[in-house]
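Quick notes on the structure that follows.
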Amino acid sequence: MNHTDIHPKITPIYQTSVFKFEDLDAIQQYFDEPGSRYMYSRNGNPNSDELAQAVNRWEAGAGAVATGSGMAAIFAAIMTYCQAGDHVLCAADIYGGSAALLNLELSRLGITVSYVPFEELYDLKSHVQASTKLLLCETMSNPLLRVVDLRALATECQQHGLKLVVDNTFATPVLTKPLAYGADLVLHSVTKYLAGHSDVTAGAVVARTPQDAARLRQIGTVFGLTLSPMESWLSVRGMKTMRLRVAAHSYNAQQVAEFLEVHPAVEAVYYPGLLAHPQHVLAASQGHGLFSGMLSFRLPDNAAVVNRFMQRSERFPFAPSLAGVDSSCSHPLHTSHRALTDAQRAELGITVGLVRLSVGIEPVEELLADLAHALE
Ligand SMILES: Cc1ncc(COP(=O)(O)O)c(C=O)c1O
């Protein structure tokens, strides 16, 4: 049988670093007609293109790039708008890796950062400098699940001529599509809900305009941030069930949050689906009635109490990532938010008693029984 007679339903894994050309005319065609064929997998590969297109479709963008990790996605997004001498605003409630990138690495390249407390996000006057190019925030913040009013923030950014870059990892486009609210770029750690099975490290950035999408692809290629065929393929497969998974994660997380809210061993619960959450109404409308599978809760600030919880729980193993179909727990102080300064952590309330749960899609009564046992 000839190769061209094979019609797989699923895109095969093009596990190749390079593609063949018949002659010089063929390579010229590659350059003259972008998208007509593939040359080198760092520049483009059918699997990474399929993932970029899938994320782009979900986020309703003008184009996207798939990256080797969520960190590569954040880097690509910032490099789309910034160069040496520029300044970035970042929401104070942010993943520790984003803060590390800004504080430790981009500062060496001459890109400075200042952090905006959550309450001041919609009045940026006192934070904006002449060289400020963009504001980076998360739709739902890691780990305290504060929910940003994206429409209000986009309006505020536009007034100051800033680009709005949104990390939509916790919310996913099933809940919220930030570009529709006026964001310029939206990015993901695809490692999390998009891929969804804790077996891939990947990222993606989606642009609102074709110009920014072209810039992103150039940055991805030239900095070598793009994603491998196998990881792209796994991510595409995971994304096919994202809508169902996120609904199931959200349902389970709501039950877990309500259980913890009234548990005597628990001092506080941070979950936007709870009526008592300060942004509950906003979260309900911006998330179309879903609140995601992530929540944090507070035990007494005593490492022995936290250790006991971790040792006794079987369904929430301490695994410092999130958003897999299996539940897990993490400890922001020791893992994701280690890179924040002491002052940043104290300001946010990231203390030893703060535990973050990634609620999976297991039968929820099994999760509740496990938590009851672990908190006894
Ligand atoms: C909100 C958020 N953004 C970005 C990242 C970084 O993603 P990755 O680990 O895929 O590089 C993470 C990782 O935990 C995250 O939680």
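The residues of the chain are indexed from 1 along the displayed sequence. Just so you know, ligand 1 is whichever comes first in the structure, and atom 1 is the first atom listed for that ligand.
Comparing heavy-atom distances from atom 13 (C) of ligand 1 across His188, Lys192, Met71, Met140 singles out Lys192 as nearest.
For ligand 1, the atoms sitting less than 4.0 Å from at least one non-hydrogen atom of Asn142 are 16 (O), numbered in the order shown with element in parentheses. Using a 4.0 Å cut-off to heavy atoms of Ser69, the atoms of ligand 1 that qualify are 10 (O), 11 (O). For ligand 1, the atoms closer than 4.0 angstrom to any heavy atom of Asp167 are 1 (C), 2 (C), 3 (N), 4 (C).
In this structure, the side chains of Ile78 and Val165 stay at 4.5 Å or more apart for every pair of heavy atoms. Contact check for His188 versus Phe170: no side-chain heavy atoms found under the 4.5 Å cut-off.
Residue-level proximity to ligand 1 for Ser98 is absent, since no heavy atom of it falls below 4.0 angstrom.
Protein heavy atom closest to atom 7 (O) of ligand 1, with residue, atom name and distance, is Ser189 OG, 3.0 Å. Closest protein heavy atom to atom 8 (P) of ligand 1: Gly70 N, 3.3 Å. Closest to atom 6 (C) of ligand 1 among all protein heavy atoms lies Tyr95 CE2, 3.5 Å. Atom 10 (O) of ligand 1 has as its closest protein heavy atom Thr191 OG1, 2.6 Å.
Geometric assessment of Arg151 against the ring of Tyr181 yields a negative cation-pi assignment under the 6.0 Å and 45° thresholds.
A side-chain donor-acceptor contact under 3.5 Å links Glu156 to the backbone of Leu124.
The closest approach between any non-hydrogen atom of Ala202 and ligand 1 is below 4.0 Å.
Residue pairs meeting the ring-ring contact (aromatic ring centres under 6.0 Å, His included) criterion with at least one partner in residues 52-93, sequence neighbours excluded, are Phe75-Phe223.
By the 3.5 Å distance cut-off applied to N or O atoms, Ile74 is not counted among the residues near ligand 1. The N/O atoms of Glu138, backbone and side chain alike, include none that comes under 3.5 Å of an N/O atom in ligand 1.
Taking Ala202 as the reference, Val190, Val200, Leu227, Ser235 meet the side chain to side chain contact (heavy atoms under 4.5 Å, CB included) condition, with sequence neighbours excluded.
The aromatic rings of His334 and His331 lie tilted to each other, with the angle between the two planes from 30° to 60°. Using bins of under 30°, 30° to 60° and over 60° for the plane-to-plane angle, the ring pair Phe19/Tyr14 lands in the tilted bin.
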